[in-house]
Number of protein chains: 2
Amino acid sequence: MFSDPERLSGRRQPQVEIRHAADLVVQLSTSLQRKPDVVDFGTVFTDHMLSVEWNANGGWQTPLIRPFGDLSLHPACSALHYAVELFEGLKVYRGDDKRLRLFRPLLNMERMSKSAKRACLPAFDQSELLGCIKRLIEIDQDWVPHLGSGCLYIRPTFIGTEPSLGVKKPNRALLYVIMCQAGSYFNTELSLWADPKYTRAWKGGTGDCKMGGNYGGTLFAQQEAGSYDCQQVLWLYGEDHQITEGGTMNIFLHWINEDGDEELATPPLDGIILPGVTRQSILDLARKWDEFKVSERYLTMGQLCSALKQQRLKEMFGSGTACRICRIGSIVYEEKVQNSQNSSSWDKSLSSNLLRINFALFQHGRSPSDWTYLV
Amino acid sequence: MFSDPERLSGRRQPQVEIRHAADLVVQLSTSLQRKPDVVDFGTVFTDHMLSVEWNANGGWQTPLIRPFGDLSLHPACSALHYAVELFEGLKVYRGDDKRLRLFRPLLNMERMSKSAKRACLPAFDQSELLGCIKRLIEIDQDWVPHLGSGCLYIRPTFIGTEPSLGVKKPNRALLYVIMCQAGSYFNTELSLWADPKYTRAWKGGTGDCKMGGNYGGTLFAQQEAGSYDCQQVLWLYGEDHQITEGGTMNIFLHWINEDGDEELATPPLDGIILPGVTRQSILDLARKWDEFKVSERYLTMGQLCSALKQQRLKEMFGSGTACRICRIGSIVYEEKVQNSQNSSSWDKSLSSNLLRINFALFQHGRSPSDWTYLV
């Protein structure tokens with residue numbers, strides 16, 4: 001399937017032909033599932049999955065679409081011991097014209113390549129992988145909801161499958177793609193718990209890649225957030241309590257900043273922030289609107305609390321492919337609830353709504369956009 | 001098998017009886033493998049494995065010893081996406097008296113419990129798990145080498161198996177134990193590469209637990225270490241370049257410290273250091289010897305470089321169950337090689353040898369010790 005830059009550069013002799021999406025083998029399921037109407041995010045999967053194996057000697061093997069089912073993994077598999085693993089998340093939408101569209105999928109492919117490099121998993125050809133995903137969507141296209149703004153969530157996953165216990169670059173890997181009903185991720189305005197005692201990511205780590213290890217360590221803090229009646233953690237960083245991410249979302253403030261300027265601001269990509277596709281799209285769209293300042297800048301809890309006190313915060317929201325754009329209603333910080341009671345202007349602006357509406361126009365093909373990719 | 005504290009406290013009704021090691025079901029393999037003589041660490045596994053499933057409704061299920069073989073896992077399994085996973089490492093030794101001994105296994109069980117809590121995996125009864133491991137060792141006892149100082153490496157592994165994609169505490173989990181030939185981990189004095197641009201662990205993270213996510217992110221730096229002809233990374237922390245760990249080892253300096261005192265020193269357990277069983281045993285033994293100062297204290301690269309320059313470093317070594325005690329011969333730091341050429345006293349002291357000899361006396365039953373646990 002995928003070309004392997006190391007092999008192409010002549011450093012290693014190719015042992016099999018480079019495989020292309022066109023070589024893909026399809027084994028159709030003989031018993032298709034019922035498609036439930038409403039489900040929680042990520043609990044019901046479609047009938048088929050894509051998988052492609054890689055090994056250091058033979059390179060990428062032929063991509064296979066097969067009935068959805070369990071993986072058979074060696075118990076020493078490097079993903080299970082050392083979290084040599086990464087994933088992506090994207091969605092496919094059904095348009096008013098019945099056609100299926102992906103939203104900026106090349107950004108996902110690009111980010112996946114960067115994660116693979118960071119995880120010491122092999123390089124792959126991004127457009128070949130996207131071609132294989134397109135075939136998988138075509139086969140399970142009936143799973144993309146026909147009514148409303150429903151969509152199907154696509155989860156490319158890439159794991160090391162080295163069957164030995166030395167901590168080293170794996171000689172075997174498996175790239176697979178599963179798809180599930182997206183459901184609703186959060187139904188209401190979110191409440192966040194901000195406490196510096198847990199850190200999501202740090203300089204010199206992997207916080208800017210979508211690697212599994214960034215997530216497992218967050219469950220404990222999320223549980224503690226629950227004990228404060230909050231749904232998610234607002235991750236802080238450093239002694240000045242910089243705002244970084246919220247749960248698994250990028251964070252935006254729409255406010256009148258310290259200099260009196262109206263600004264939409266989100267933390268910069270300095271190595272500890274995941275470069276979200278929705279984050280990038282919000283920045284791109286807001287810059288195109290040119291109605292207020294749009295900044296990638298450091299934001300601290302002190303600045304946020306001052307803005308709340310001085311009624312300068314118009315709106316705060318999180319963004320991500322799974323959760324889309326989700327307003328933040330309150331934050332528990334230093335044992336106090338920081339919310340709209342502190343700021344009468346909290347609810348007045350609706351930039352999150354405008355962004356949501358615009359994205360939906362593109363995603364469902366109601367407004368032409370070069371951000372969508374027809375399946 | 002394992003009691004579940006949450007269920008015992010009455011917060012959840014038990015739906016099945018609590019299982020004990022005595023209930024363990026054994027399915028013996030009908031085709032035993034040949035046992036190769038010399039192998040790399042962690043590449044050849046014994047004939048059987050232990051597995052115990054858990055789910056939120058039914059609690060712990062009956063422990064099973066079965067022929068070693070692949071795991072069947074749902075492709076959305078939370079260990080594969082979010083690194084909800086942890087492991088332990090311990091060894092079983094054959095004594096001169098032919099009896100098999102584990103080395104301080106209760107410390108491993110205790111650390112595994114702490115990792116499970118941090119990973120939001122369920123609590124288990126430590127002595128019941130140890131009882132099951134003992135049964136597994138008995139069944140595969142012929143795999144423990146009969147000659148020399150060979151031993152068998154035991155890898156308890158605990159993974160979330162929740163089959164859905166929400167980032168949350170898993171409702172299903174699998175605890176399994178595999179065993180492999182230990183081989184030799186490092187054969188020579190180690191060379192380390194110290195560069196502050198990568199960080200292994202940080203305050204508020206999971207560096208003090210044996211969770212998979214601590215390892216996958218290190219491969220990239222390890223690869224860069226290789227480009228400097230170094231075998232492992234010496235992990236630094238903070239602006240003063242504190243020495244934390246080396247590769248997957250705890251680090252010790254035996255030196256004449258800044259105050260002119262002979263000292264064996266290792267970084268303190270401040271949240272970013274793995275509480276190694278070998279580390280603890282070195283501290284315990286050296287304190288018992290009472291021949292020099294034994295300290296858990298911060299150590300910086302500046303202090304180490306000064307000691308080398310002033311010929312105050314007697315020895316530097318790493319410790320871990322897999323690598324045992326391994327001398328460090330040189331460090332590449334700030335583009336310079338820091339090694340014995342800078343310090344004529346580098347090779348004079350052999351505290352690492354004395355420690356190694358003492359541990360072997362206990363492990364192989366040549367000297368009585370309450371640190372060993374008869375199988």
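We name chains A, B, ... by the order of the sequence lines, and we start the count at 1 in each one. As the structure is a prediction and not an experimental result, all values here were calculated from the model.
- Options B:Gly216, B:Ala221, B:Ser51 differ in how many heavy-atom pairs under 4.5 Å they form with chain A, and the most are formed by B:Gly216.
- Heavy atoms of other residues, nucleotides or ligands lying less than 6.0 angstrom from CD of B:Glu224 number more than 12.
- Summarising the geometry of B:Gln232 relative to B:Thr248, their closest heavy-atom pair is OE1-N, 4.3 Å, with the distance given to 0.1 Å.
- With a 4.5 Å cut-off on side-chain heavy atoms, B:Leu175 and B:Thr157 do not count as touching.
- Per-residue heavy-atom pair counts under 4.5 Å with chain B were compared for A:Gly213, A:Gly271, A:Cys120, and the maximum is reached by A:Cys120.
- Between B:Leu73 and B:Thr161 there is a side-chain heavy-atom pair separated by less than 4.5 Å.
- Across A:Lys117, A:His74, A:Lys168, the residue that shares the most heavy-atom pairs under 4.5 angstrom with chain B is A:His74.
- The minimum heavy-atom distance linking B:Trp235 with B:Gly247 is given by the pair NE1-O, 3.2 Å.
- Side-chain contact check for A:Met112 versus A:Cys209: every heavy-atom pair is 4.5 Å or farther apart.
- Per-residue counts of heavy-atom pairs under 4.5 Å with chain B were compared for A:Met49, A:Arg118, A:Met211; the largest is that of A:Arg118.
- A donor-acceptor pair is defined here as one N or O able to donate and one able to accept, closer than 3.5 Å; such a pair exists between the side chain of A:Gln181 and the backbone of A:Pro36.
- Residues B:Pro63 and B:Leu50 meet the side-chain proximity criterion, which asks for heavy atoms closer than 4.5 Å.
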Please output the side-chain donor-acceptor pairs of residues 82-91 of chain B that fall under 3.5 Å, not counting sequence neighbours, one pair per line with the distance.
{"from": "B:Tyr82", "atom 1": "OH", "to": "A:Arg155", "atom 2": "NH1", "distance (Å)": "3.1"}
{"from": "B:Tyr82", "atom 1": "OH", "to": "A:Arg155", "atom 2": "NH2", "distance (Å)": "3.1"}
{"from": "B:Tyr82", "atom 1": "OH", "to": "B:Leu165", "atom 2": "O", "distance (Å)": "2.5"}
{"from": "B:Glu85", "atom 1": "OE2", "to": "A:Ala83", "atom 2": "N", "distance (Å)": "2.8"}
{"from": "B:Glu88", "atom 1": "OE1", "to": "B:Asn108", "atom 2": "ND2", "distance (Å)": "2.9"}
{"from": "B:Glu88", "atom 1": "OE1", "to": "B:Arg111", "atom 2": "NE", "distance (Å)": "3.3"}
{"from": "B:Glu88", "atom 1": "OE1", "to": "B:Arg111", "atom 2": "NH2", "distance (Å)": "2.7"}
{"from": "B:Glu88", "atom 1": "OE2", "to": "B:Arg111", "atom 2": "NE", "distance (Å)": "2.8"}
{"from": "B:Lys91", "atom 1": "NZ", "to": "B:Thr321", "atom 2": "O", "distance (Å)": "2.8"}
{"from": "B:Lys91", "atom 1": "NZ", "to": "B:Ala322", "atom 2": "O", "distance (Å)": "3.3"}

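- B:Pro75 touches chain A through backbone and side chain together, each having a heavy atom under 4.5 Å away.
- Only the backbone of A:Ala119 has a heavy atom closer than 4.5 Å to any heavy atom of chain B.
- At a 4.5 Å heavy-atom cutoff, the contact between A:Thr206 and chain B is made by side-chain atoms alone.
- Proximity to chain A among residues 196-204 of chain B is limited to B:Lys197, B:Tyr198, B:Thr199, B:Arg200, B:Ala201, B:Trp202, B:Lys203, B:Gly204, judged by heavy-atom separations below 4.5 angstrom.
- At least one side-chain heavy atom of B:Tyr333 sits under 4.5 Å from a side-chain heavy atom of B:Met301.
- For B:Ile159, the part lying near chain A is the side chain, with the backbone staying farther off; criterion is any non-hydrogen pair under 4.5 Å.
- Using a 3.5 Å distance cut-off with no hydrogens or angles, the side chains of B:Trp193 and B:Asp229 do not pair a donor with an acceptor.
- If you measure heavy-atom distances from A:Ser72 to chain B, the contacts under 4.5 Å come from both the backbone and the side chain.
- Counting only heavy atoms from C-beta outward, the side chains of B:Thr46 and B:Leu136 never approach each other to under 4.5 Å.
- For B:Phe158, no part lies near chain A; criterion is any non-hydrogen pair under 4.5 Å.
- Looking at A:Ile178, only its side chain comes within 4.5 Å of chain B, counting heavy atoms on both sides.
- When B:Gly160, B:Ala76, B:Cys180, B:Ser78 are compared by the number of non-hydrogen pairs under 4.5 Å with chain A, B:Ala76 comes out ahead.
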